[in-house]
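Okay, so here's the structure we're looking at.
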Amino acid sequence: MVKNNSDVFPPLKNDLILRAARGEVVERVPVWVMRQAGRYMQQYRDVRKEHDFFSICQTPELACKVTLQPINEFDLDAAIIFSDILVIPQALGMSVEMKSGVGPVFNDPLRNPKDLERLDVDVDVKTKLDYVFKAISLARHQLDGKVPLLGFSGAPWTLMAYMIEGGGSKTQSKAKNWLYTMPEESHQLLKILTRVISDYLIEQVAAGAQMLQVFESTAEYLGPELFDEFCVVYLQEIAHNVKEGIRLRGLEEVPMIVFAKGAYHSLSKLSYCGYDVVGLDWTVDPKIARDFVHITVQGNLDPCSLYASDEDLVAMTTEMVRQFGTRNYIANLGHGIYPDMDPAKVKVFIDTVHKVSSEMMKKGDPFDQLYT
């Protein structure tokens, strides 16, 4: 028997993004923004003055507050829980700090396969990351059904790269060294991460997440062969594990998005990995994406477009929506928004997506014939 969350949380008033993910007809294209709750907003910076980054993530009331800030400011069609992909390595026993002007820093990264013994591979995700699940449930209530709430996780290769590099990297050379010289141990680590990520995402749904996104943010550092061997199989396994786990728990099925930044060479493979939506970065031509992806797509305006004038931003956003069409489409940036961007530009972007797509729907979008 499927548990109906409507008995626990307020009824949903805007389900556009859920319908778009399932390929259903929508009245307008839904839109949200990766990193929509963050440093570009003064409200968030005010919170950060009082609390460090991971304290916000680990305090459900603060995480919920920050999650709702962009929803209260813009006409977005989804909220995404405020958290970080690196809570998984933390749950496995690794120490991670967020240093100002630097980003995430691992105090003791993985240097060789023997270091895998330091990981708490039997971690109880439900207990260790309880603060995330509490934040999700709290946010669902405080959203009052205004828009759906997304949960998320980093993907195995992306997390592996951080755990070995010890932070951000322009080459991922230390992590790729493992792939080339220690493939067996690399797969061992990726399997550990796959299991933990799967459990984590299932618990997010149990807590109230209505949609999930898996971020393979460092896919761009791998060519097609390495991506096939060290990413695709694990992305597939996560999608299968999560959907099966949700079914076995008697929970409502939720759409899943896979976003593999830079994996333009594997768009078709990604569309057959078991997800409902393929996220696209800004380097992907919409027409090519439509040729290779048979399910809903998400994206993909260049985040730096938000530096442009309002007039140019409207023109670029309009062209993006027209190229993708209004069916099987969720609008977003091609990556996360940057900290120095003007919130007024976010409003221009969102409002343009809604205006242009509504007009296209009224006139009869020619792309509809592709999906009927």
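Below, all heavy atoms of this structure are taken into account, side chains as well, without hydrogens, waters or symmetry copies. All residue numbers refer to positions in the sequence shown, counting from 1.
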- Query: Within a reach of under 6.0 Å around NZ of Lys99, are more than 12 heavy atoms found that belong to other residues, nucleotides or ligands?
  - Reply: no
- Non-hydrogen side-chain atoms of Tyr329 and Val26 separated by less than 4.5 Å: no
- Which atoms form the tightest heavy-atom contact between Ala331 and Met320, and what is the distance? CB-CE, 4.2 Å
- Query: Side chains of Leu149 and Gln142: closer than 4.5 Å at any heavy-atom pair?
  - Reply: no
- Backbone N or O of Asp108 within a donor-acceptor pair of the Arg118 side chain at under 3.5 Å? yes
- Message: Looking at Lys269, I'd like to know if its NZ atom is crowded, meaning that more than 12 non-hydrogen atoms belonging to other residues, nucleotides or ligands lie closer than 6.0 Å.
- Response: no
- Query: Should the heavy atoms of other residues, nucleotides or ligands under 6.0 Å from NZ of Lys65 be counted, would the total exceed 12?
  - Reply: no
- Item | Carboxylate-amine/guanidinium contact Lys355 Glu359, below 4.0 Å | yes
- Message: For a quick test of reading the model, state the closest non-hydrogen atom pair linking Phe259 to His335 and the distance between them.
- Response: CE2-CD2, 3.9 Å
- Query: Under 4.5 Å between any side-chain heavy atoms of Ile85 and Phe152, yes or no?
  - Reply: yes
- Message: Looking at Tyr131, I'd like to know if its OH atom is crowded, meaning that more than 12 non-hydrogen atoms belonging to other residues, nucleotides or ligands lie closer than 6.0 Å.
- Response: yes
- Does one side chain, of Glu184 or Gln188, offer a donor that lies under 3.5 Å from an acceptor on the other? no
- Query: How long is the span from the NZ atom in Lys134 to the CD atom in Gln58, to the nearest 0.5 Å?
  - Reply: 12.5 Å
- Message: Within the structure provided, determine whether Leu222 and Cys231 are in side-chain contact (heavy-atom separation under 4.5 Å).
- Response: yes
- Gln42, CD: over 12 other non-hydrogen atoms inside 6.0 angstrom: yes
- Query: Quick one: does Leu150's side chain get under 4.5 Å of Met211's, heavy atoms only?
  - Reply: yes
- Item | Ile81 reachable from Val254 in the ILVMFWY side-chain graph, under 4.5 Å edges | yes
- Item | Leu92 CG to Leu193 CG distance, which is reported to the nearest 0.5 Å | 6.0 Å
- Does Tyr44 reach the side chain of Pro339, with side-chain heavy atoms less than 4.5 Å apart? no
- With a 4.5 Å limit on heavy-atom distance, are the side chains of Leu189 and Leu119 in contact? yes
- One should read off an interatomic distance between Leu333 CG and Tyr338 OH, to the nearest 0.5 angstrom, of 9.0 Å
- Item | Step-by-step salt bridge (charged side-chain N to carboxylate O under 4.0 Å, His left out) determination, Glu319 to Arg322 | CA-CA 5 Å; Glu319 181 63 15; Arg322 286 179 176 165; 5.3 Å; no
- Please determine if Lys128 and Asp199 form a salt bridge, counting it only when a charged side-chain N lies under 4.0 Å from a carboxylate O. no
- Is a donor on one side and an acceptor on the other found under 3.5 Å between the side chain of Asn300 and the backbone of Val284? yes
- So, do Leu138 and Glu61 sit near enough that their side-chain heavy atoms are less than 4.5 Å apart? yes
- Report yes or no: do Tyr221 and Met163 belong to one cluster of Ile/Leu/Val/Met/Phe/Trp/Tyr joined by side chain heavy-atom distances under 4.5 Å? no
- Query: Are Met94 and Leu86 connected in the hydrophobic side-chain network, where two residues link if heavy atoms are under 4.5 Å apart?
  - Reply: yes
- Message: Looking at Arg39, I'd like to know if its CZ atom is crowded, meaning that more than 12 non-hydrogen atoms belonging to other residues, nucleotides or ligands lie closer than 6.0 Å.
- Response: no
- Parallel, tilted or perpendicular: rings of Phe133 and Tyr200 (30°, 60°): tilted
- Message: side-chain contact (heavy atoms from CB on, under 4.5 Å), that's the test. Do Leu143 and Thr67 meet it? Break it down for me.
- Response: CA-CA 9 Å; Leu143 279 167; Thr67 297; 5.6 Å; no
- Indicate, with yes or no, if Phe9 and Leu16 share a hydrophobic cluster defined by side-chain heavy-atom contacts under 4.5 Å among Ile, Leu, Val, Met, Phe, Trp and Tyr. no
- Message: To the closest 0.5 Å, what do you measure between CE (Met182) and CG (Asn112)?
- Response: 7.5 Å
- Query: If you group Ile, Leu, Val, Met, Phe, Trp and Tyr by side-chain heavy-atom gaps below 4.5 Å, do Tyr234 and Ile192 land in one group?
  - Reply: yes
- Query: Just by distance, with hydrogens left out, do Ser305 and Asp302 show a side-chain donor and acceptor under 3.5 Å apart?
  - Reply: no
- Note on the structure: Of all heavy-atom pairs linking Asn14 and Pro148, the shortest is O-CD, 3.1 Å
- If only atom types and distance count, is the side chain of Glu165 paired as donor or acceptor with the main-chain N or O of Lys174 below 3.5 Å? yes
- Message: Given 3.5 Å as the limit, does a donor-acceptor pair link the side chain of Trp157 with the main chain of Thr218, or not?
- Response: yes
- Message: Between Ser169 (side chain only) and Thr171 (backbone N and O only), is there a donor and an acceptor less than 3.5 Å apart?
- Response: yes
- Message: Apply side-chain contact (heavy atoms from CB on, under 4.5 Å) to residues Val297 and Arg290 and explain how you reach the verdict.
- Response: CA-CA 8 Å; Val297 294; Arg290 287 301 196 188; 3.7 Å; yes
- Query: About how many Å separate OG of Ser266 and CZ of Phe292, when rounded to the nearest 0.5 Å?
  - Reply: 11.0 Å
- Exceeds 12 heavy-atom contacts within 6.0 angstrom, atom OH of Tyr307: yes
- Would you call the rings of Phe106 and Tyr162 parallel, tilted or perpendicular, where under 30° means parallel and over 60° means perpendicular? parallel
- Salt bridge check: are Asp77 and Arg19 linked by an N-O gap of less than 4.0 Å? no
- Item | Closest heavy-atom pair and its distance - Ile330, Ala20 | CG1-CB, 4.0 Å
- Message: Nearest 0.5 angstrom please: Glu203 CD to Ile246 CD1, how far?
- Response: 10.5 Å
- Task: Evaluate the side-chain contact (heavy atoms from CB on, under 4.5 Å) criterion for residues Val29 and Phe324: first the C-alpha distance (whole Å), next the side-chain angles of each, then the deciding distance (0.1 Å), finally the verdict.
- Result: CA-CA 10 Å; Val29 168; Phe324 277 113; over 6 Å; no
- Task: Output, in order, the C-alpha distance, side-chain angles, deciding distance and verdict of side-chain contact (heavy atoms from CB on, under 4.5 Å) for Gln36 and Phe74.
- Result: CA-CA 10 Å; Gln36 64 188 30; Phe74 309 112; over 6 Å; no
- Note on the structure: Here the pair of heavy atoms bringing Met360 nearest to Gly325 is CE-CA, 4.2 Å
- If only atom types and distance count, is the side chain of Ser137 paired as donor or acceptor with the main-chain N or O of Ala207 below 3.5 Å? yes
- Query: Ignoring hydrogens and geometry, is there a side-chain-to-backbone donor-acceptor pair from Ser198 to Val242 under 3.5 Å?
  - Reply: no
- Hey, can you tell me if Phe230 and His187 have their rings parallel, tilted or perpendicular (30° and 60° cut-offs)? parallel
- Looking at Ser358 and His354, what are the two nearest heavy atoms and their distance? OG-O, 2.8 Å
- Message: Between Asp75 (side chain only) and Ile350 (backbone N and O only), is there a donor and an acceptor less than 3.5 Å apart?
- Response: no
- Salt bridge or not for Lys345 and Asp342, using N-O below 4.0 Å? no
- Distance-only, no hydrogens or angles: does the Asp144 side chain make a donor-acceptor pair with backbone N or O of Lys146 under 3.5 Å? no
- Query: Can you tell me if Thr158 uses its side chain to pair, donor with acceptor, with the backbone of Ala155 under 3.5 Å?
  - Reply: no
